[in-house]
Amino acid sequence: MTPPTPIIGVIGLGTMGLGIAQVYAAAGFPVIATDAHAPACTSARDRMDQALVARVRTGKLTEDARAATLSNLTIADTLAEFAPCDLVIEAIVERLDAKQELFRQLEAILRPDRILATNTSSIPVRDIAAGLAHPARVLALHFFNPPTAMKLVELAPHDGSLTQYINIATQITEKAGKTAIRCPDRPGFIVNRCARPFYGEALASLAEGRTASDIDAAMLAVGYRLGPLSLIDLIGADINLAATRGMSAAMGNHPRYHVFPALEGQVAAGHLGRKSGRGFLHPAQPGPAPADAAAIALRIEATLINEAHWLLAEGGTTATGIDTAMKLGLNFPRGPFEALEIHGRAAVLQTLIDLRAAAPQAMKDRYTPAPGLA
Ligand SMILES: NC(=O)c1ccc[n+]([C@@H]2O[C@H](COP(=O)([O-])OP(=O)(O)OC[C@H]3O[C@@H](n4cnc5c(N)ncnc54)[C@H](O)[C@@H]3O)[C@@H](O)[C@H]2O)c1
């Protein structure tokens with residue numbers, strides 16, 4: 001006899017929750033979902049249907065698959081209806097007290113061996129688990145936006161999460177067509193942390209007088225689909241600044257997460273990128289690659305490689321995991337450990353040593369080579 005299909009709960013039907021619910025429903029899992037805001041509940045089925053209809057129109061989905069996905073979705077009015085769930089994922093407001101309170105309520109409803117997952121981007125998983133009767137079943141399943149299109153899910157257990165729950169959450173998420181990459185309960189998990197130098201080193205080069213066009217063109221020339229400044233323009237300088245400030249604060253204001261004045265200046269001037277009509281480059285495109293494009297790209301990739309080695313040294317992940325996460329989460333053409341293979345350890349180390357020597361005193365530690373690289 002085949003085991004019954006696990007039942008998935010999704011709480012919070014905003015940008016992330018609705019997409020997460022669709023991912024599991026489309027993969028054939030029964031999904032029970034709710035939101036504290038009544039209109040978000042009443043509109044959820046229609047909103048999901050709109051997304052499905054758009055896929056049917058473009059030939060990416062059959063009418064039968066659309067109907068099957070919707071039939072797997074149950075909108076609940078109360079948390080009590082989550083009792084049969086095997087895995088509940090919360091995608092509510094990013095506030096520790098709200099997430100803790102929700103999980104406390106769910107503990108009274110769910111069997112103690114059912115998994116509670118958080119989609120938090122910035123709150124330590126161990127803090128969300130703290131104070132629960134059964135913290136061992138708590139872990140993070142960090143989806144990327146939009147969850148339906150992005151293949152990556154960062155799976156971050158806290159120190160007390162039990163292996164059996166990690167394994168079940170991995171299996172269920174992979175069955176839903178995602179790639180679950182194990183990562184430590186550290187700020188920014190893998191992608192949001194290891195991406196910082198991509199933007200930061202571009203902003204450092206900008207501050208030294210390079211043009212946004214030269215920097216982005218250099219990265220395009222070595223295979224990146226978007227240069228770092230165009231990527232900030234796409235994400236929004238305000239969103240990027242908030243993420244950078246969050247990482248900087250979480251990492252004790254270490255210079256590797258320096259908040260560059262050029263980014264703050266963009267936000268202060270309202271030049272947020274595509275959404276405001278003007279950014280570092282937007283509406284322009286990068287011009288031709290400059291003569292020293294390879295050096296610009298090596299500088300940025302050397303700092304990406306270094307950050308990845310710092311994270312690796314902290315444990316809880318692997319080089320392959322980091323490479324996969326960076327490729328899936330950011331559409332990078334290669335991960336930092338693959339980039340190391342291309343450049344060679346000696347060239348990367350020398351780049352960091354030269355950057356460190358040239359940096360002002362307060363910024364020297366930005367370029368200190370990580371253990372495992374030096
Ligand atoms: N937006 C992103 O790009 C992104 C990416 C990865 C992770 N996240 C994380 O996902 C979570 C949700 O983010 P979002 O962008 O979908 O937010 P959102 O504001 O679009 O949606 C949050 C939803 O949760 C509901 N809600 C708030 N408190 C609730 C509660 N106590 N119980 C039930 N529902 C409640 C709100 O009514 C809202 O509909 C956050 O933790 C965020 O950090 C967001």
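Each ligand, and each atom within it, is numbered from 1 in the order the structure gives.
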By number and element, which atoms of ligand 1 are closer than 4.0 Å to a non-hydrogen atom of [X]?
| X | value |
| --- | --- |
| His142 | 6 (C), 7 (C) |
| Gly14 | 16 (O), 20 (O), 21 (O), 23 (C), 39 (O) |
| Ser121 | 6 (C), 7 (C), 8 (N), 9 (C), 43 (O) |
| His37 | 37 (O) |
| Ala36 | 29 (C), 30 (C), 32 (N), 33 (C), 34 (N), 35 (C) |

Nearest heavy-atom pair of [X] and [Y]: which atoms, and what distance?
| X | Y | answer |
| --- | --- | --- |
| Leu263 | Ala237 | CD1-O, 3.9 Å |
| Cys85 | Leu110 | O-CD2, 4.1 Å |
| Cys194 | Ala308 | SG-CA, 4.0 Å |

Starting from [atom], what is the nearest protein heavy atom, named by residue and atom, and what distance separates them?
| atom | result |
| --- | --- |
| atom 41 (O) of ligand 1 | Glu94 OE1, 2.5 Å |
| atom 27 (C) of ligand 1 | Val93 N, 3.7 Å |
| atom 15 (O) of ligand 1 | Thr15 CB, 3.8 Å |
| atom 38 (C) of ligand 1 | Asp35 OD2, 3.4 Å |
| atom 31 (N) of ligand 1 | Ile92 CD1, 3.7 Å |

Less than 3.5 Å between some nitrogen or oxygen of [X] and one of ligand 1, yes or no?
| X | result |
| --- | --- |
| Met16 | yes |
| Phe143 | no |
| Asn119 | yes |

Please work out whether any backbone atom (N, CA, C, O) or any side-chain heavy atom from C-beta onward of [X] is under 4.0 Å from ligand 1, and answer side chain, backbone, both or neither.
| X | result |
| --- | --- |
| Ile11 | side chain |
| Asn145 | side chain |
| Ala98 | neither |

Contact check, [X] vs ligand 1, heavy-atom distance below 4.0 Å:
| X | answer |
| --- | --- |
| Leu102 | no |
| Lys99 | yes |
| Glu90 | no |

| said: Does Arg104, at its CZ atom, have more than 12 non-hydrogen atoms belonging to other residues, nucleotides or ligands within less than 6.0 Å? | reply: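 Above 12, so yes.
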
| request: Return yes when atom CD of Gln285 has more than 12 non-hydrogen atoms of other residues, nucleotides or ligands closer than 6.0 Å, and no otherwise. | output: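 Not more than 12 within 6.0 Å, no.
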
| atom 17 (O) of ligand 1: protein heavy atom closer than 4.0 Å? |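 No, no protein heavy atom sits under 4.0 Å from atom 17 (O) of ligand 1.
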
| Stepwise side chain to side chain contact (heavy atoms under 4.5 Å, CB included) test for Tyr224 and Asp216 | CA-CA 9 Å; Tyr224 287 76; Asp216 275 21; over 6 Å; no

Count I, L, V, M, F, W, Y as connected when their side-chain heavy atoms are under 4.5 Å apart, and connections chain through other members. Are [X] and [Y] then in the same cluster?
| X | Y | answer |
| --- | --- | --- |
| Leu106 | Ile172 | no |
| Leu155 | Val125 | no |
| Tyr199 | Phe144 | yes |
| Val153 | Val10 | yes |

| query | Out of Ala91, Ala33, Ala38, whose heavy atom sits nearest atom 12 (C) of ligand 1? | reply |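 Among Ala91, Ala33, Ala38, the closest heavy atom to atom 12 (C) of ligand 1 comes from Ala91.
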
| query | Where does the angle between the aromatic ring planes of His142 and Phe189 fall among parallel (under 30°), tilted (30 to 60°) and perpendicular (over 60°)? | reply |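 Aromatic pair His142/Phe189 classed tilted.
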
| query | Relative to each other, are the rings of His309 and Phe337 parallel, tilted or perpendicular (30° and 60° limits)? | reply |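 Tilted, since the angle between the ring planes falls between 30° and 60°.
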
| Can you list the steps and then say if Lys99 with Asp127 is a salt bridge (Lys or Arg N to Asp or Glu O under 4.0 Å)? | CA-CA 10 Å; Lys99 291 185 191 294; Asp127 291 355; over 6 Å; no

